[in-house]
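In this text the structure is predicted, and so the values were computed from the model without any measurement. Per chain, numbering begins at 1; letters A, B, ... match sequence-line order.
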2 protein chains.
Amino acid sequence: MTRRAKFRQITIDEIKSLARLQMAEGGTASLSLNAIAKHMGMSGPALYRYFESRDALITALIVEAYEALANALEETAARFADQPVRDCLRQVLLTYRRWALDHPIDFQLIFGNPIPGYQGEEKITAPTAGKVFAPILKILQRAYQQENRPYPSFLENLPPQLQVRLSHSMREFQPSLPEKVVYIGIVGWYHIHGMIMLELFNHIQPLISDPATFYSNEIERLMDQMNL
Amino acid sequence: MTRRAKFRQITIDEIKSLARLQMAEGGTASLSLNAIAKHMGMSGPALYRYFESRDALITALIVEAYEALANALEETAARFADQPVRDCLRQVLLTYRRWALDHPIDFQLIFGNPIPGYQGEEKITAPTAGKVFAPILKILQRAYQQENRPYPSFLENLPPQLQVRLSHSMREFQPSLPEKVVYIGIVGWYHIHGMIMLELFNHIQPLISDPATFYSNEIERLMDQMNL
DNA sequence: AACATTAGTTATATGCTATAACTTATGTGA
DNA sequence: TCACATAAGTTATAGCATATAACTAATGTT
């Protein structure tokens with residue numbers, strides 16, 4: 001990498017870092033290119049040398065958030081790969097919640113409603129989204145294919161029109177992935193997603209005294225249902 | 001109501017209506033007092049006679065959204081009150097999803113991440129929030145208290161530190177409400193909330209071919225677990 | 001040393017929220 | 001009925017945002 005490219009990269013990183021900081025303080029909407037530039041000691045329009053628009057910056061942040069979450073999950077999965085499958089999955093699911101609480105802004109960027117005026121570029125963000133789901137699928141695959149755990153009973157009476165649509169990227173990632181495994185993954189993901197969203201955005205505030213314990217309890221129940 | 005107050009109310013309603021329309025077209029962030037005023041044939045600042053600020057307008061919309069959702073649920077609950085408890089709950093949960101899909105903006109206002117720059121006034125919105133939960137609790141109370149259904153097995157081994165915190169308004173609403181019933185309600189609500197959020201915000205797009213069937217299937221499973 | 005590229009600058013258009021100061025319409029009490 | 005108060009609107013303006021245009025200074029490259 002040339003000297004110039006290196007400095008450019010540093011600048012880009014600083015912009016993204018400040019953007020995150022700004023959002024952490026004032027919410028996702030408080031992002032202001034102008035303010036970032038000013039804070040970095042340069043004039044507003046200069047930022048447009050690095051990001052084409054506000055939306056472009058947001059898109060970059062979203063992609064990074066996806067990757068960071070995926071990495072966190074993968075790392076946990078790798079660290080506990082030699083443990084029993086249930087223990088491994090538990091740790092991954094705990095990491096999921098932990099990451100969401102530790103990075104609320106990034107989590108909002110990923111799963112929140114579309115940002116102020118930001119018209120999402122799905123072409124950019126969609127492929128990355130699969131990465132988050134991948135580590136969980138991998139663990140489930142291990143359980144049901146390698147270790148031959150019996151499939152959960154709730155798979156038995158599924159209506160025939162209910163089919164899983166595997167995205168192209170997911171097909172590439174794991175061509176041998178049975179739809180049943182994906183279905184189980186989806187069920188589990190939806191379940192924990194609701195909990196985390198409601199906890200994170202404070203819509204349940206006073207309902208549960210100890211969200212962490214509640215979450216733990218629910219994932220145990222979930223894994224029971226999964227025969228893990 | 002005086003003649004003036006009547007016209008004032010009409011104006012306020014028109015503002016809110018246009019605000020909703022605007023958000024429906026361009027997302028929750030595209031709300032512009034200026035544009036609304038212009039569209040109504042008056043100048044920007046005139047709107048401030050009716051709403052103190054942008055946030056005040058948003059707060060009003062949130063409160064209305066809560067009430068609308070609560071009404072929809074209550075209405076369904078009332079219509080199926082003479083049916084078996086499982087059928088009644090099923091209809092209410094279906095209404096929940098239906099309403100979310102039919103009023104995506106209002107649903108975002110309620111459950112989405114905080115609006116652009118909008119610093120929520122919890123004092124105003126919080127009490128209304130309980131209303132949404134109330135119809136579901138009422139049905140569960142009927143099941144477990146009036147009809148003496150056995151409590152679900154997942155209640156058995158709850159850790160002692162996991163206690164339900166009933167809000168003041170909820171205590172008032174139903175003083176005899178056992179914590180177990182509330183706990184069951186929470187578990188169910190979290191479960192379906194995740195599904196709806198992910199479907200609504202399109203984060204699962206290509207994963208499930210038929211979200212309606214999936215949802216139906218999951219609520220049946222949920223009610224099985226509830227012993228309904 | 002000449003040139004091209006990159007990175008910055010200022011000036012400006014446009015749109016937003018919000019406030020201030022002023023004007024006109026509407027309703028009410030003496 | 002008329003004077004007055006209140007309500008509802010107006011324009012002007014401050015301040016901040018995104019974004020573009022046109023220009024300049026710095027940095028590499030040939």
| field | A:M1 CE - D:dG28 P separation (whole Å) | value | 14 Å
| To the nearest Å, how far apart are A:L31 CG and D:dA17 P? | 11 Å
| message | Less than 4.5 Å apart, side chain to side chain, heavy atoms only: is that true for B:M226 and B:L140? | response | yes
| task | Please report, rounded to the nearest Å, how far the P atom of D:dA17 is from the CG atom of A:N34. | result | 5 Å
| task | Flag the pair A:Y96 / A:T76 as yes when at least one side-chain heavy-atom distance between them is below 4.5 Å, and no otherwise. | result | no
| request: Ignoring backbone atoms, test whether B:R8 places a side-chain nitrogen or oxygen under 4.0 Å from the OP1 or OP2 oxygen of D:dA8. | output: yes
| task | Map B:S32 and B:T2 onto DNA chain C by nearest heavy atom, then report which one ends up closer to the 5' terminus. | result | B:S32
| Rounded to whole angstroms, how far apart are CD on B:E14 and P on D:dG9? | 11 Å
| request: Specify the separation, in whole Å, of atom OH of B:Y48 and atom P of D:dA12. | output: 18 Å
| The side chain of A:M42 lies closest to which of these nucleotides: C:dT9, D:dG9, D:dA19? | C:dT9
| message | At less than 4.0 Å, is any side-chain N or O atom of A:S43 found next to OP1 or OP2 of C:dT10? Yes or no. | response | yes
| request: Report yes or no: is there a donor-acceptor pair, N or O only, under 3.5 Å between the side chain of B:R4 and the base of C:dT26? | output: yes
| message | Can you measure B:F7 atom CZ to C:dA25 atom P for me and round it to whole angstrom units? | response | 16 Å
| task | Identify which nucleotide among D:dG9, C:dT19, D:dA19 has an atom closest to any side-chain atom of B:P45, counting heavy atoms from C-beta outward. | result | C:dT19
| request: Scan side-chain atoms only and decide if A:E67 and A:N71 contain a donor-acceptor pair under the 3.5 Å cut-off. | output: no
| task | Determine whether B:Y66 and B:L109 make a side-chain contact, defined as any pair of heavy atoms from C-beta on separated by less than 4.5 Å. | result | no
| said: Could you tell me how far apart A:I58 (CD1) and D:dT18 (C1') are, to the nearest whole angstrom? | reply: 12 Å
| remark: In whole angstroms, the gap separating C1' of C:dT17 from CZ of B:F51 amounts to 16 Å
| query | Under 4.5 Å between any side-chain heavy atoms of B:D106 and B:R20, yes or no? | reply | yes
